[in-house]
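Everything quoted here is computed from the prediction, not taken from an experiment.
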Amino acid sequence: MTEASITADNAPASQPAPSAPTPAPVSAKEEAVDTVRFLALLAIAVLIFRSFFLSPFNIPSESMQPRLLIGDYLLVNKMAYGYSKYSLPFSAPLIPGRVFARTPERGDVAVFKAPPVADNDYIKRVIGIPGDSVQVKGGIVWLNGKPLKREAMPDFVIPVTANMVEASRAMGTLPCYSMEFEEVAPDGQRQCRYKQYRETLPSGKSYAILDIAPIAEDNTPLVVVPEGHLFMMGDNRDRSADSRFPAMENQGIGLVPEENLVGKALVGMFSTDGSASWINPISWFTAARWSRIGDDF
């Protein structure tokens with residue numbers, strides 16, 4: 001027998017590779033803990049994102065027609081004007097004063113907490129910033145001693161929707177302000193028709209407004225906007241409790257402190273006419289106003 005054969009004969013037989021240890025099964029308790037941990041982290045992430053970056057907002061009234069309709073949902077840029085306690089859920093007093101503050105530009109559509117209660121979110125257009133003088137004469141806004149340019153536009157016509165009826169019933173009014181402004185559309189449906197104008201700021205920024213009928217607030221005293229405050233108005237000048245009215249609950253908001261700012265309207269993300277029913281999935285689609293999605297400001 002050769003040396004080679006001896007070596008081969010004496011070689012140890014090959015051993016099977018050891019198998020990997022079988023992982024211990026995860027108990028139901030551990031799965032529940034993991035699920036709760038994931039949901040808690042997700043909630044914290046959503047809370048941080050909504051507090052400091054983008055937050056949804058829905059339109060509950062007609063005060064910003066024609067730009068915004070009842071049932072519109074939009075995203076609000078929380079970074080635009082800085083942060084205060086009003087940027088946080090439930091206005092938690094965790095931010096002293098206002099940090100990274102920036103004054104809005106005239107014409108911005110801003111979301112804010114309104115005095116004197118400062119519990120609910122409001123949305124209006126910024127007309128006057130600190131140092132500006134604002135007065136309304138005969139329905140025309142005068143800014144720093146000069147009238148804002150106002151041009152007639154084609155009438156604003158809007159169908160009477162389910163959410164308009166619901167909102168007007170809650171306020172004890174009619175969907176079209178009064179029967180004078182309601183008519184029957186060619187398809188037999190009710191609709192509102194309002195006079196519409198284009199208002200232009202000194203910067204050149206313009207937007208559509210409604211001036212439906214004469215009201216007392218078509219003429220106001222001259223107001224000089226103090227430091228740290230804003231003069232806000234709704235685009236629907238006859239259905240907006242804004243800075244023309246004193247800061248009294250259910251009456252007006254007066255001059256709005258900049259500290260109360262929540263954010264700047266950014267883009268429309270959804271809109272519904274209020275006719276959807278939970279038990280009818282098809283209505284979820286027919287109630288949507290798809291053409292309003294994606295509108296920016």
Side-chain angles (χ1 to χ4, degrees), residues 58-73 109 114 120-125 127 134-142 147-200 206-221 231-254 268 271-276 287 289 291-292 295:
N58 72 290
I59 304 302
S61 75
E62 298 172 320
S63 70
M64 284 299 291
Q65 286 181 348
R67 178 61 188 83
L68 293 170
L69 308 180
I70 297 176
D72 283 354
Y73 290 77
V109 176
N120 299 323
D121 289 328
Y122 286 72
I123 185 166
K124 306 289 181 190
R125 192 176 297 275
I127 298 297
V134 183
Q135 186 174 16
V136 182
K137 301 179 184 180
I140 305 294
V141 177
W142 286 63
L148 297 185
K149 183 179 179 181
R150 193 164 90 161
E151 304 167 282
M153 297 176 63
D155 289 348
F156 175 65
V157 180
I158 179 174
V160 175
T161 60
N163 46 23
M164 287 173 60
V165 172
E166 182 179 352
S168 63
R169 185 180 296 122
M171 294 187 296
T173 60
L174 296 173
C176 294
Y177 192 81
S178 80
M179 291 302 297
E180 175 186 353
F181 305 103
E182 183 174 321
E183 62 186 28
V184 178
D187 61 2
Q189 300 299 310
R190 299 165 64 192
Q191 66 182 23
C192 306
R193 181 181 294 273
Y194 303 129
K195 292 180 180 179
Q196 183 176 208
Y197 302 89
R198 179 160 299 281
E199 187 172 86
T200 303
S206 66
Y207 42 87
I209 65 168
L210 301 182
D211 194 353
I212 301 172
I215 60 172
E217 283 68 31
D218 283 344
N219 295 279
T220 67
F231 193 100
M232 316 287 284
M233 294 183 73
D235 290 345
N236 187 340
R237 297 293 161 79
D238 297 335
R239 304 196 83 166
S240 175
D242 48 38
S243 293
R244 294 171 294 170
F245 300 81
M248 299 176 65
E249 190 172 0
N250 300 322
Q251 292 192 36
I253 59 175
S271 184
T272 176
D273 64 15
S275 64
R289 295 181 287 218
S291 62
R292 300 188 60 77
D295 286 351

Quick one, [X] and [Y] - any side-chain contact, counting heavy atoms below 4.5 Å?
X	Y	answer
Asp235	Tyr207	yes
Ile215	Arg244	yes
Ser206	Arg198	yes
Ile209	Gln196	no
Met64	Ile123	yes
Met233	Arg125	no
Ile253	Phe245	no
Leu69	Ile59	no

With side-chain contact (heavy atoms from CB on, under 4.5 Å) as the test, would you mind laying out the steps for Met164 and Cys192 before giving the verdict?
-> CA-CA 11 Å; Met164 287 173 60; Cys192 306; 3.8 Å; yes
Full working for side-chain contact (heavy atoms from CB on, under 4.5 Å) between Glu199 and Lys149 = CA-CA 6 Å; Glu199 187 172 86; Lys149 183 179 179 181; over 6 Å; no
Hey, is CE on Met248 packed in by over 12 heavy atoms from elsewhere, all under 6.0 Å?
->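 Not more than 12 within 6.0 Å, no.
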Should we say atom CD of Glu182 is surrounded by more than 12 heavy atoms from elsewhere, each under 6.0 Å from it?
-> yes
Are Asp155 and Lys195 close enough for a salt bridge, meaning some N to O gap below 4.0 Å?
-> no
Would Arg237 and Asp242 pass as an ion pair if we require N to O under 4.0 Å?
->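 Result for this pair is no, no salt bridge flagged.
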Please report the closest heavy-atom contact between [X] and [Y], naming both atoms and the distance.
X	Y	value
Val134	Ile127	CG1-CG2, 4.5 Å
Ala167	Ile70	CB-CD1, 3.6 Å
Ala152	Tyr197	CA-CD2, 3.7 Å
Gly138	Asn219	N-OD1, 2.8 Å
Ala241	Gly252	CB-CA, 4.1 Å

Go through the structure and list residues passing side chain to side chain contact (heavy atoms under 4.5 Å, CB included) with Arg169, not counting sequence neighbours.
-> Val165
Scan the side chains in residues 173-180 for donor-acceptor partners under 3.5 Å anywhere in the protein, sequence neighbours excluded, and list what turns up.
| unit_1 | atom_1 | unit_2 | atom_2 | d |
| --- | --- | --- | --- | --- |
| Thr173 | OG1 | Arg239 | NH2 | 3.0 |
| Ser178 | OG | Glu180 | N | 3.3 |

How far apart are the C-alpha atoms of Arg67 and Gln65, what are their side-chain angles, what is the distance that settles it, and do they pass the side-chain contact (heavy atoms from CB on, under 4.5 Å) test?
-> CA-CA 5 Å; Arg67 178 61 188 83; Gln65 286 181 348; over 6 Å; no
Reported CD-to-CZ distance for the pair Gln135 and Phe231, which is rounded to 0.5 angstrom =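 The CZ atom of Phe231 is 9.5 Å from CD of Gln135, to the nearest 0.5 Å.
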Can you tell me how far NZ of Lys124 sits from CG of Leu68, rounded to the nearest 0.5 angstrom?
->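 Nearest 0.5 Å value for the CG-NZ distance: 10.5 Å.
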When you measure from the side chain of [X] to the backbone of [Y], do you find a donor-acceptor pair of N or O atoms at a distance under 3.5 Å?
X	Y	answer
Ser243	Met232	yes
Thr272	Gly71	no
Thr220	Val136	yes

Over 60° means perpendicular and under 30° means parallel, so classify the ring planes of Tyr194 and Phe156, tilted if in between.
-> parallel
Stepwise, does the side-chain contact (heavy atoms from CB on, under 4.5 Å) test hold for Asp238 with Asp211?
-> CA-CA 6 Å; Asp238 297 335; Asp211 194 353; 3.6 Å; yes
With distance as the sole criterion, is a donor-acceptor pair present between the side chains of Ser271 and Asp72 under 3.5 Å?
->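 There is such a pair between these side chains.
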